[in-house]
**Q** 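One structure is given below, represented as structure tokens, and several questions about it will come after.
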Amino acid sequence: PMVLNALRDMQERSVPPDAIVFNAAISACAKAGAWAYALRVRADMAAAGVAADVVTYTALARALGRGGAWQGVLQLLPEMRGAGIRADRIAYNTCADAFARGHQWHQAHQLVCDMQQDSVAPDV
């Protein structure tokens, strides 16, 4: 995929990608529904020592949801919490969308409970 080639080109030219570049690459993968590539970009991001942020996790959730891999979303929120990153309304809504696409109504309901516990007001 072009996005992976672009990241590789940057690194070969000694231009280290930052969080914005990695997040844009993950978002491009999400738009294409290429969740496996999005996870690969995230792994490259970690290997480069670039910290993930809420935008990273939201883009990953979007990629997983659009690619039909809602199960991967189950790991994102605990991973975020473990990294000290607070999910915002957009992150929660994106995760809920992934569960809805996978017809995982119980998971979506649990997410609403998590939002309330984290003092994030639902907007729907």
Side-chain angles (χ1 to χ4, degrees):
M2 283 180 77
V3 70
L4 297 179
N5 292 336
L7 286 172
R8 194 173 12 250
D9 287 346
M10 286 182 74
Q11 292 168 334
E12 287 173 1
R13 295 174 188 205
S14 299
V15 180
D18 59 10
I20 294 169
V21 172
F22 279 114
N23 289 344
I26 293 169
S27 291
C29 293
K31 286 181 183 175
W35 63 269
Y37 288 118
L39 292 176
R40 183 171 166 190
V41 172
R42 171 62 183 109
D44 291 347
M45 184 179 188
V50 178
D53 57 19
V54 69
V55 175
T56 309
Y57 286 102
T58 302
L60 285 171
R62 186 171 294 112
L64 291 163
R66 287 184 177 172
W70 63 267
Q71 300 91 335
V73 175
L74 294 171
Q75 299 170 7
L76 294 181
L77 291 172
E79 187 178 323
M80 285 177 70
R81 287 186 190 106
I85 299 168
R86 188 172 187 270
D88 60 11
R89 185 175 296 142
I90 296 169
Y92 275 114
N93 285 343
T94 304
C95 291
D97 180 66
F99 292 139
R101 286 173 185 259
H103 305 287
Q104 300 302 310
W105 311 121
H106 175 74
Q107 295 299 334
H109 174 72
Q110 182 59 48
L111 200 61
V112 172
C113 295
D114 290 348
M115 287 178 77
Q116 292 171 342
Q117 184 177 6
D118 289 345
S119 301
V120 177
D123 64 351
V124 185

**Q** Sequence neighbours left out, what passes salt bridge (charged side-chain N to carboxylate O under 4.0 Å, His left out) with R101? Give chain and number order.
**A**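 R101 satisfies salt bridge (charged side-chain N to carboxylate O under 4.0 Å, His left out) with D97 only.
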**Q** Could you report the tightest heavy-atom contact between A61 and A98, atom names first, then the distance?
**A**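 Nearest heavy atoms, A61 then A98: O-CB, 4.0 Å.
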**Q** With sequence neighbours left out, write down each residue that passes side-chain contact (heavy atoms from CB on, under 4.5 Å) with A32, or none if nothing qualifies.
**A** A34
**Q** Could you tell me which non-hydrogen atom of I85 sits nearest to which non-hydrogen atom of A52, and how far apart they are?
**A**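 Looks like CD1-O, 3.3 Å.
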**Q** Please list, chain by chain and in numerical order, all residues satisfying salt bridge (charged side-chain N to carboxylate O under 4.0 Å, His left out) with D44, sequence neighbours excluded.
**A** none
**Q** Would you name the heavy atoms of F99 and A108 that are closest together and state the gap between them?
**A** CD1-N, 4.0 Å
**Q** Decide whether M10 and M45 are clustered together by the hydrophobic rule: side chain heavy atoms of Ile, Leu, Val, Met, Phe, Trp, Tyr closer than 4.5 Å, transitively.
**A** yes
**Q** When you group the ILVMFWY residues by side-chain heavy-atom contacts below 4.5 Å and let the links chain together, are W105 and L111 in the same group?
**A** no
**Q** Taking all heavy atoms of V50 and all of P17, pick out the closest pair and write down the distance.
**A** CG2-O, 3.6 Å
**Q** H106: what forms a ring-ring contact (aromatic ring centres under 6.0 Å, His included) with it, not counting sequence neighbours?
**A** none
**Q** Can you name the residues that form a side chain to side chain donor-acceptor pair (under 3.5 Å) with D88, not counting sequence neighbours?
**A** none
**Q** Apply side-chain contact (heavy atoms from CB on, under 4.5 Å) to residues D53 and N23 and explain how you reach the verdict.
**A** CA-CA 9 Å; D53 57 19; N23 289 344; 3.2 Å; yes
**Q** Name all residues meeting the side chain to side chain donor-acceptor pair (under 3.5 Å) criterion together with T58; count only those two or more places apart in sequence or in a different chain, and write none if there are none.
**A** none
**Q** Specify the closest pair of heavy atoms between A38 and I26, including all atoms of both residues, with the distance to one decimal.
**A**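 Answer, listing the atom of A38 first, then I26: O-CG1, 3.9 Å.
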**Q** Could you tell me which residues satisfy side-chain contact (heavy atoms from CB on, under 4.5 Å) with E12, sequence neighbours excluded, listed by chain and number?
**A** R8, D9
**Q** Please list, chain by chain and in numerical order, all residues satisfying side-chain contact (heavy atoms from CB on, under 4.5 Å) with Q116, sequence neighbours excluded.
**A** V112
**Q** Mind listing the side-chain donor-acceptor pairs of residues 63-83 below 3.5 Å, one per line with the distance, residues two or more places apart or on another chain?
**A**
from : atom 1 : to   : atom 2 : distance (Å)
E79  : OE2    : Y57  : OH     : 3.0
R81  : NH2    : Y92  : OH     : 3.4
R81  : NH2    : D118 : OD2    : 3.3

**Q** Flag yes if M115 and I90 sit in one hydrophobic cluster, no otherwise; membership is Ile, Leu, Val, Met, Phe, Trp, Tyr, and two members link when side-chain heavy atoms are under 4.5 Å apart.
**A** no
**Q** I need the R42 CZ to L60 CG distance, nearest 0.5 Å.
**A** 7.0 Å
**Q** Quick one: which residue pairs count as a salt bridge (charged side-chain N to carboxylate O under 4.0 Å, His left out) with a foot in residues 14-32, not counting sequence neighbours?
**A**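 For residues 14-32: none.
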